[in-house]
Structures are given as structure tokens and as C-alpha cells.
Amino acid sequence: MKKLLFMAGIALLAPLAAQAFTLDARYQDKDGDLIADIPSDKAKQIDPSTLIFAYTPVEDPGVYREVWSEFLVHLSEETGKKVQFFPVQSNAAQIEAMRAGRLHIAGFNTGSNPLAVACGGFRSFTMMAAADGSFGYEMEIITHPDSGIEQVEDIRDGEMAFTSQTSNSGFKAPSAILKADYGMVPGEDFKPVFSGKHDNSILGVANQDYPAAAIANSVLARMLNRDVISEDQIKSIYKSQTFPTTAYGLAHNLKPALQQKIKDAFFSFDWEGTALEEEFSKSGEGQFIPITFKEHWEVIRKIDAANGVQYNCE
């Protein structure tokens, strides 16, 4: 077996043949919804006085501390708990924090979601959507105007930036698409480099540090709206089908009543006039809608299967 990733005690392995999605042995899934059950033993359920919340890793977590501040006040009021924002630096660190019991509520990005579910006991239940209920983003392959790259095939024998190996749009989806549609494999037909985050890849292309990169266009839209980069610095040469976006959810072992209060807080939050609305309206989002990992992440699990990915938790 070829090891693709080992960070923070979590290994992502690519065997010769993909297997059915299963949870780590420490979790149970008696109802078949593919997420960890709440422990039936009440002694294993927790009711922390302070809830720790983390948003998916971004280049500047401090920006998103402010973006989420009003929501976290609402969450505190609805649960009667103190709520603390935890600025995570990587997907692996975020998953390990939930697995170790140091993280209670989180938004995991599209590609790391299955690993968080399998290895961290993450129970996803919502994601952001537009006012009409539509949701999602596309993977785009971008370049800069002076790169000499006009089409995907021009990346061959060159260099391309990915974000991290747990990212759907930053690695998994483009790897599968490049292999299936263009006969190009990272490490064989071009040199892959890893930036760590979508923000880094986008800035890297805009500043001509990378000739091309695979990114989530929802992140690109927000960076353009914040004037972090300008449209004349970026050129898109590929756009994928639509994928689900960041999923929000809970640690599996929170007490059932507390889990319900947290869910209610997400769905009762009034976005109007908040920093959350200001930031995420830039990518067309303005409400939380119910989702299930089993249904909404089916396409992502299929991409993992196409890449021969299996999650092995250590």
C-alpha cells in the first residue's frame, strides 16, 4: 500500500482497491446512517461547560474569528454555555482535536469531511446555502495570464499546486479528473506541490509563485470580493461539477439534549446584518440547511473510491 498522508496521528492510505466506507472501531453506527452514534452509555456522554468551535483552516484564522463572533454569541445564548473559537492550522489538526475530545463543534471542508466522520466521530448535520436552497461550489484549475498555460493539457511536464491531500477540490477531485479525462497523474506527468490551504494556492497563482493550482471557487469568490486579489491576476481553465461545501456538525459524544440545542442554534440564527452574512454572501450563501453525510457526501465518497482511498485511523 502506498501512504499518501500521515499527520497528527491520522493516516490516509491508498490501497489497490477501495473498500466500503466504515467508521473507526471506537465508534458505532447501528442505524446505518454512516456517522457515529451517540453513545448509549450515558457515562460516555459529555456536557462541557465551554464549547470549542472551529472553522475549516484558512490563511488568516483571525479574520474568521470576527466573522463567526455574532453566531458564537447566539450559540452561547441558545445552549447556556461559554463558546470559544479555536483557530485551526490544518485539516489534520482539526480532525485530531475532535478525535481527542478537544473540539465539540466544527466546520470541516468537503474533502476532509469523510476522514472527520470516520476517524473523529464527526456528526455533520448542516451546511450553508443560498436563499433559494441551492448550495455547493466548483473545483477550478486556475493559472495567471503570464504562465503560458491556455488549457489543462499545458500543465503536463510543468508544476501544479494542490492544497492538501484531504481536500476534495484541492486534491482529490482534480487528481481523479486529470487522470480520467487527460491521462495525467501527479508525480508522473507533472510536479505536484502543496500549499496547505486554498487561500495560499490562490495567492500563489496571483503572485506567480505557482503556474497553476486546483482550488475551490467559493474561496476564490470571497477573496476577490475582499480585494485580496484582482480578477486580472487569475485565469480559469477548468470548472468541475458542483460539490457540497463545508459541513458543520458535532462531536458524537455530546449529550443528546446539548446536540439538539446546538442544532437549533444553527437553524435559528438570524443572518441579516451580521458579519457572517457579509462574508459568505460573497459566495452566494445566506442560511443553514439540513444535510446528511450519507446522501450529500455520496459524490465525495465516490471520488475517494475512484482515487482508491481508504481511511485508516491511528
Report task. Tell me whether V152 is reachable from V185 by hopping between hydrophobic residues (I, L, V, M, F, W, Y) whose side-chain heavy atoms are closer than 4.5 Å. Result -> no
Query - From CG (L75) to CZ (F53), nearest 0.5 Å - result: 8.0 Å
Query raised in the report: Sub-3.5 Å donor-acceptor pair from the side chain of R226 to the main-chain atoms of K282, do we have one?
Result: no
Requested in this report: Any chance you could measure M98, atom CE, to L250, atom CG, to the nearest 0.5 Å?
Outcome: 7.0 Å
**Report entry** Sub-6.0 Å ring centroid separation between W68 and Y55
**Finding:** yes
Query raised in the report: Are the side chain of Y27 and the backbone N or O of G121 linked by a donor-acceptor pair below 3.5 Å?
Result: yes
Report task. Looking only at non-hydrogen atoms, find the nearest pair between A247 and M127 and report the distance. Result -> CA-CB, 4.4 Å
Requested in this report: Please lay out, stage by stage, how L276 and F288 fare under the test side-chain contact (heavy atoms from CB on, under 4.5 Å).
Outcome: CA-CA 11 Å; L276 202 67; F288 290 108; 4.1 Å; yes
Query raised in the report: Is it true that a side-chain atom of N207 and a backbone atom of D209 form a donor plus acceptor pair closer than 3.5 Å?
Result: no
**Report entry** W297 (side chain) donor-acceptor with T110 (main chain) under 3.5 angstrom
**Finding:** yes
Report task. Verify the ring-centre separation between F194 and F171: is it less than 6.0 angstrom? Result -> yes
Query raised in the report: What closest approach, in Å, do G32 and K294 show between heavy atoms, and which atom pair accounts for it?
Result: O-NZ, 3.1 Å
Query raised in the report: Got a second to check how far I229's CD1 is from I234's CD1, nearest 0.5 Å?
Result: 4.5 Å
Query raised in the report: Any side-chain heavy-atom pair from V83 and T50 closer than 4.5 angstrom?
Result: no
Query - Other residues, nucleotides, ligands: >12 heavy atoms within 6.0 Å of Q260 CD - result: yes
Query raised in the report: Around K235, counting heavy atoms of other residues, nucleotides and ligands shown, do more than 12 lie under 6.0 Å from its NZ?
Result: yes
Report summary line: Between the CD1 atom in I141 and the CD1 atom in I237, the distance rounded to the nearest 0.5 Å is 5.5 Å
Query raised in the report: What distance do F269 atom CZ and E77 atom CD have between them, rounded to the nearest 0.5 Å?
Result: 10.5 Å
Query - Over 12 non-hydrogen atoms of neighbours within 6.0 angstrom of CD in Q208 - result: yes
Query raised in the report: Is N307 reaching over with its side chain to a backbone N or O of K172, donor-acceptor style, under 3.5 angstrom?
Result: yes
**Report entry** Donor-acceptor contact below 3.5 Å, side chain T126 vs main chain I289
**Finding:** yes
Query - Heavy-atom side-chain contact between I303 and F243 under 4.5 Å - result: yes
Report task. Consider only side-chain N and O atoms of S112 and T166, and report whether a donor and an acceptor are under 3.5 Å apart. Result -> no
Report task. Determine whether the side chains of N200 and Y210 contain a donor N or O and an acceptor N or O closer than 3.5 Å. Result -> no
Query raised in the report: Shared ILVMFWY cluster between F280 and V73, side chains joined below 4.5 angstrom?
Result: no
Requested in this report: Kindly give the heavy-atom pair with the smallest separation between Q45 and I38, and that separation in Å.
Outcome: NE2-CG2, 4.0 Å
**Report entry** Expected output: side-chain Q94 to main-chain G107 donor-acceptor under 3.5 Å
**Finding:** yes
Query raised in the report: Just checking, any donor-acceptor pair under 3.5 angstrom between side chains of S164 and N91?
Result: yes
Query raised in the report: Where the side chain of Q259 meets the backbone of H252, is there a donor-acceptor pair that is under 3.5 Å apart?
Result: yes
Report task. Answer yes or no: is there a donor N or O on one side and an acceptor on the other, between the side chain of S76 and the main chain of K81, under 3.5 Å? Result -> yes
**Report entry** ring-ring contact (aromatic ring centres under 6.0 Å, His included) contacts touching residues 90-121 (sequence neighbours left out)
**Finding:** F108-F122
Query raised in the report: Sequence neighbours excluded, which residues qualify as side chain to side chain contact (heavy atoms under 4.5 Å, CB included) partners of D29?
Result: L23, D31, D33, L34, D37
Report task. Kindly check if the number of other-residue, nucleotide or ligand heavy atoms within 6.0 Å of NZ (K255) is above 12? Result -> yes
Query raised in the report: Between the main-chain N or O of P192 and the side-chain N or O of E159, is there a donor-acceptor pair closer than 3.5 Å?
Result: no
Query raised in the report: Side chains of S236 and E140: donor-acceptor distance under 3.5 Å anywhere?
Result: yes
Query raised in the report: Does a side-chain heavy-atom distance below 4.5 Å link I177 with S240?
Result: yes
Query raised in the report: Does a side-chain N-to-carboxylate-O contact under 4.0 Å join E96 and R102?
Result: no
Query raised in the report: Quick one: are R123 and I35 in side-chain contact, heavy atoms under 4.5 Å?
Result: yes
Query raised in the report: Centroid-to-centroid, F21 to F293, below 6.0 Å?
Result: yes
Query raised in the report: Do we see a donor-acceptor contact under 3.5 Å between the side chains of S218 and H198?
Result: no
Report summary line: side chain to side chain contact (heavy atoms under 4.5 Å, CB included) filter on R26, not counting sequence neighbours, yields D24, R99
